[in-house]
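Structure first, then comments.
Hydrogens, waters and symmetry mates play no part in the numbers below; they use all other heavy atoms, side chains included. Per chain, numbering begins at 1; letters A, B, ... match sequence-line order.
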Amino acid sequence: ERTYTLPGEIQIAVLPQGVTWIDVDGVHDTGVIQAVGDAVGIHPLTLEDIANARQRPKIEDYGDYLYVAVRMLAPGDGEFNSEQVSLVLGRGYVVSFQEQPGDVFERIRERLRAGAGRLRSVGPDYLFHALLDAIVDGYFAKIEELGERVEIVEEEVVADPDRGTLQAIYALKRSLIALRRSVWPLREAVAQLERGESPLIDETTLVYFRDVYDHTIEVAETVETYRDMISGTLDVYLSSQSSRMNEIMKVLTVIATIFIPLTFIAGVYGMNFAYMPEISHPWGYPAALASMAAVAAAMLLYFRKKGWI
Amino acid sequence: ERTYTLPGEIQIAVLPQGVTWIDVDGVHDTGVIQAVGDAVGIHPLTLEDIANARQRPKIEDYGDYLYVAVRMLAPGDGEFNSEQVSLVLGRGYVVSFQEQPGDVFERIRERLRAGAGRLRSVGPDYLFHALLDAIVDGYFAKIEELGERVEIVEEEVVADPDRGTLQAIYALKRSLIALRRSVWPLREAVAQLERGESPLIDETTLVYFRDVYDHTIEVAETVETYRDMISGTLDVYLSSQSSRMNEIMKVLTVIATIFIPLTFIAGVYGMNFAYMPEISHPWGYPAALASMAAVAAAMLLYFRKKGWI
Amino acid sequence: ERTYTLPGEIQIAVLPQGVTWIDVDGVHDTGVIQAVGDAVGIHPLTLEDIANARQRPKIEDYGDYLYVAVRMLAPGDGEFNSEQVSLVLGRGYVVSFQEQPGDVFERIRERLRAGAGRLRSVGPDYLFHALLDAIVDGYFAKIEELGERVEIVEEEVVADPDRGTLQAIYALKRSLIALRRSVWPLREAVAQLERGESPLIDETTLVYFRDVYDHTIEVAETVETYRDMISGTLDVYLSSQSSRMNEIMKVLTVIATIFIPLTFIAGVYGMNFAYMPEISHPWGYPAALASMAAVAAAMLLYFRKKGWI
Amino acid sequence: ERTYTLPGEIQIAVLPQGVTWIDVDGVHDTGVIQAVGDAVGIHPLTLEDIANARQRPKIEDYGDYLYVAVRMLAPGDGEFNSEQVSLVLGRGYVVSFQEQPGDVFERIRERLRAGAGRLRSVGPDYLFHALLDAIVDGYFAKIEELGERVEIVEEEVVADPDRGTLQAIYALKRSLIALRRSVWPLREAVAQLERGESPLIDETTLVYFRDVYDHTIEVAETVETYRDMISGTLDVYLSSQSSRMNEIMKVLTVIATIFIPLTFIAGVYGMNFAYMPEISHPWGYPAALASMAAVAAAMLLYFRKKGWI
Amino acid sequence: ERTYTLPGEIQIAVLPQGVTWIDVDGVHDTGVIQAVGDAVGIHPLTLEDIANARQRPKIEDYGDYLYVAVRMLAPGDGEFNSEQVSLVLGRGYVVSFQEQPGDVFERIRERLRAGAGRLRSVGPDYLFHALLDAIVDGYFAKIEELGERVEIVEEEVVADPDRGTLQAIYALKRSLIALRRSVWPLREAVAQLERGESPLIDETTLVYFRDVYDHTIEVAETVETYRDMISGTLDVYLSSQSSRMNEIMKVLTVIATIFIPLTFIAGVYGMNFAYMPEISHPWGYPAALASMAAVAAAMLLYFRKKGWI
């Protein structure tokens, strides 16, 4: 095995069984892409797709080679970052184009360097599978992180929801929409590989593509399940907010409603009529207070009976 | 028939017609899985799937054997617990891998020990069917329990809904989402078996797989129906809560609205103007009270006519 | 033609052209089912399905016979009652199993007794079709009744909606979910018959199955249309309730809002300050009343201009 | 060409190339249908379908003839009226059955009478196509009318929505549901014709059926688009109603909230305590009024700063 | 190459390899369409479709030529304007019909005039592809503009939503519905081209149609994603509006609720009873004020403890 590090972020690894892996970092230099493309014989349309970093995940069979464009999730935590990876599988070689340095292929490089194992003894289709598999595994890491955030939000909604919870819910929704947009076409592309229509993929390797396909289905379904769960969480949040608000308004309205008749009674005896027999009676004041208390008690009882307080 | 209980929770039953059933409890010991896999010739990818307890339900045909991964619902009541069961059907043997001891296969073991019946006289495909059937029957038990809870919640919503009802509805929704996630791929996997493309399954046994398929469809459709019903129940709950709240607010607002004009009249005659002819009139006070009563009665009549009280 | 009435609710009719129709009422006596099954040669799995009254509508081709399980709607009005009917079509015979006495086959029996007509001159497939057709016709009766109830509810919602309307809407929704659950698999089952893959069904009879299939599609689509309509009705109900509530709250709040400033003015002149020039002025009282009237009129005008009253 | 007008609303036109068009108005007289059916050889099941005016749109190939049932929209404006038209295409003849006199075929009759043109020189399949085309064109007229009503409602919702707008929205929704119910099966039926599986339709005529199919797709998609638009309009209406209501309640509540503290201050100085130093102070009254004005101004400023008014 | 500019807005370009491109601006003059149609042999039905500016995007294979109707988005910014373009690909020629002058084909004309490149050396199918590609690229420009508006609206909703935001949301929704209506049938039409069933399209050109197909899928999926995003934005807007309103109502109600009991106390001591011991006590007034302050403080503490303020 020999590894060349050319200028311009190109790494070439020639494996013992005659497989060449060309890894290109940075697709913005069209000259480099053109040169690599000319060297292995890639169609101009494919080169355009490689250079266009907002390509939709897809697979295209050009006879001499297979072209796969997928989105690779950045290995680090935090924000939802993805970059485009273009893989080209030809007779005896694999070319990978990345937008930026830094990828999920480190383990594959280590296994190649370690020198043993299946990866060094079989054809380029297996290496191609290993690259795809590493990318799909990157989705699992993201999915797990999202799953944890979904669970945290679900607990927050039940325990102590606030405006931040709502924003977290909407942020998760947006992340899931973005992830879904990457996963679904990826799944279709891998399904096409798994059907084994290309002579570039050996029948013994097909079972590994079936495994990758399985993983993409699992990612896709988990995304759907999380979408269902986050929708449910949003419903719980909105309904709990609305019922909390209703509770507050109800209590406040009950307080107001109890005092309004009492204030009315006080108003009646605050009138300045010359002839008001109750006014001059010695028991008038206590009787008025007592009647107020009675009205308040009656209303409270009525509200309690109705289940309003 | 001989049954060996090896260390490491492996049970081997050799049936008279030459069928061997190897039942492995616990998939966390990769050494055991590897050993069993080597003994009967299982592909490394399958062994990985067996060890991965969060495998999606699926079926894979490796030519020499069929691999089926399904989720088995824990036989007990209460929480929604599931564990993964991996079944491998080969020529002359069936291997089952479970995550933990405790399963739904007890009745099959009893029938095997009882010594008679179809199970002892036919090939491994029938045993394989029996295991799958027992797992699917476990779903029916869960489905029935969920159905009872759906009905209880439906009655509660009509009779006496409270916050607990809402939580029960959301818990049911979550359970149904989880169940759906297990059932749909299971259904697809059994459908593939039922199409009878594998030579490992005899044509006379196919009719039994059709029966299992039928059951998985029924489970899947019942889950959908319950989802529809629980959505309807949620709508009823929310609408009843909102209309109850509205009812309360309406009554309280009507009370407040009736007293506000009366309090205004009292306020007018509480003013301290030097020249207020009504004040010194002997009938002033009764007239004020009467006018208040008249205003209140007029408003009540108006509200009643409008259908507000 | 001879008709035997055996003990145990079995009726056997042997038609002139050699067709035997065995009609079994009550599937709870497994002995009877077993006996009939043995007599004509039915697979044990089919017998299990016949005995299981909560079987999903389906069709199964066992080579020697066709097994169809459908739900029959009880002929009477009122509640949505259904029972399971199992039909078995073999060479020269039709067996029907019902849960309870009372069915939709009376007209067929009459036609058989009447002695003439197509039913007496052709094979068992035509009789089989006639039974299925009678069952599907029973769905039409139910559908029409539901359609009338949907229309009544639609009128009620526009004319005079109350809580009973809401309950009627939810009851209709539930009935339509239940009906849908019976109709969709029935439709699939009849579609399979109509494709004419079974040698038990003569090509000249196929056109009749196409007719039945057509009816099941019509039932299924009508159910969907009613679901759409009832959803729309629910929306109308909820929006009319909410806008009526809003109307009430608005009027009450307007009344309160008009009186609150007036009460404030009265409160000002109810203050006991020693030096209040307006108080002792002879025109003070009329001026205060006039200013109150002016404030009220101004607010009313403003509210009217804004379109709030 | 000869045209016979028989009693019983049957018109027969024999075209020069030997094509006979029999047009029957009124399907309630089963005798007439039976007679026509016998004359050209129509299967009893088709005759039943013709007589059943609530038939679902469909196409059936009986080998000797094609039977098509469609709903024809009444040519006039206004309400959504449809009647069933049954078309039978056989060798050398077309029979059309309508529920009532009055149809969309007038232009075809005129073209036939005018004597020239394609319609008079080709086979019955072209006439059959012309009838179908006229019916589908009737849908376009309806669709356009509905489109105008959708636009009017959309403008009303933005400009000056009232309860009538809501009713117009729901009426449009209902019309679209009804139209959809006619269009979708019609589309399926025409699709079947367009696939050209029947020997009754010449290959050169197929392109015309493709044109009709195209029109049915356009009608179906326009109905879906209008459903989307009317749903959006309903959302706009509901949200504008709710935000208008909220606006009113907010203003009224702000007014009430400003006056409540002022009334409280007035209430304090309306108390009759013997020792209240402010009362007897000459600046007491102006100070009280000034403090009230200050409180009101402070609250107004606060509300404005918060953006509530 | 020769370019003729005929009267009536027809441009004819004859390319060296014998390809003729006829570009017709304005489809309202049926005479011109008829003339062009006669010259190259177009079926009357196609001519009708060309003249009908509200044609649904579609592709039709007439054997001798392919007819494609698509909607072209006006190249300028601002409103969502589209016009219909009809493309006819025959042996050796391409005809394009536009509704109005002004199109997205300028770059193609420049490349043709520039004289070199693939466009001048290959058959009419490549020119046909170039025209379609230019039209689909026009969708990308629109999509990007809509994407920017979606992002602006998303930021507005979080930062400072007002009624204009809502109108922008609904305007975007409508634009997306309209765009979707153009894109989906376009995608279907290009899919049909890409399947390569027509002998008019050379196999080497097929790969370019696959590229165009890819772009239409991307446009369609982006439209769906924007619909999802704009729905989410609408939910955020509505929920933020409702929670802002609730916040206001809560604060106002809390203020009112605190003052109502205080006003009641003031009312009590404003009563004119002859015997009220507190009234004449020197500490009565301060005690009353203190009790009011205590009540207010207690209520504020309670509300704070409850988390209402």
[X] versus chain D, heavy atoms under 4.5 Å apart: side chain, backbone, both or neither?
X	value
Leu45(E)	side chain
Ile248(E)	both
Leu238(E)	side chain
Leu234(E)	neither

Does either side chain, that of [X] or that of [Y], offer a donor lying less than 3.5 Å from an acceptor on the other one?
X	Y	value
Thr165(D)	Asp162(D)	yes
Ser182(E)	Arg71(E)	no
Asp38(E)	Gln34(E)	yes

Worksheet item: Counting heavy-atom pairs under 4.5 Å to chain D, which of Met249(E), Gln241(E), Lys173(E) comes out on top?
Response: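 Option with the top pair count is Met249(E).
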
Worksheet item: Looking only at heavy atoms, which of residues 284-295 of chain D get nearer than 4.5 Å to chain E?
Response: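 Contacts with chain E: none.
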
Fill in: Under 3.5 Å: donor-acceptor pair, side chain of Asp61(E), backbone of Leu66(E)
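No, Asp61(E) side chain to Leu66(E) backbone: no donor-acceptor pair under 3.5 Å.
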
Worksheet item: Applying ring pair (Phe, Tyr, Trp, His ring centres under 6.0 Å), which residue pairs with at least one partner in residues 220-262 of chain E are found, sequence neighbours left out?
Response: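 Those involving residues 220-262 of chain E are Phe264(D)-Phe259(E).
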
Worksheet item: Glu155(D): what forms a salt bridge (Lys or Arg N to Asp or Glu O under 4.0 Å) with it, not counting sequence neighbours?
Response: none

Practice prompt. Could you pull out all residues at least two apart from Tyr302(E) that satisfy ring-ring contact (aromatic ring centres under 6.0 Å, His included)?
Written response: none

Practice prompt. Determine, step by step, whether His215(D) and Asp133(D) satisfy the side chain to side chain contact (heavy atoms under 4.5 Å, CB included) criterion, reporting the C-alpha distance in whole Å, the side-chain angles of both residues, the deciding distance to 0.1 Å, and the verdict.
Written response: CA-CA 9 Å; His215(D) 292 171; Asp133(D) 199 34; 3.8 Å; yes

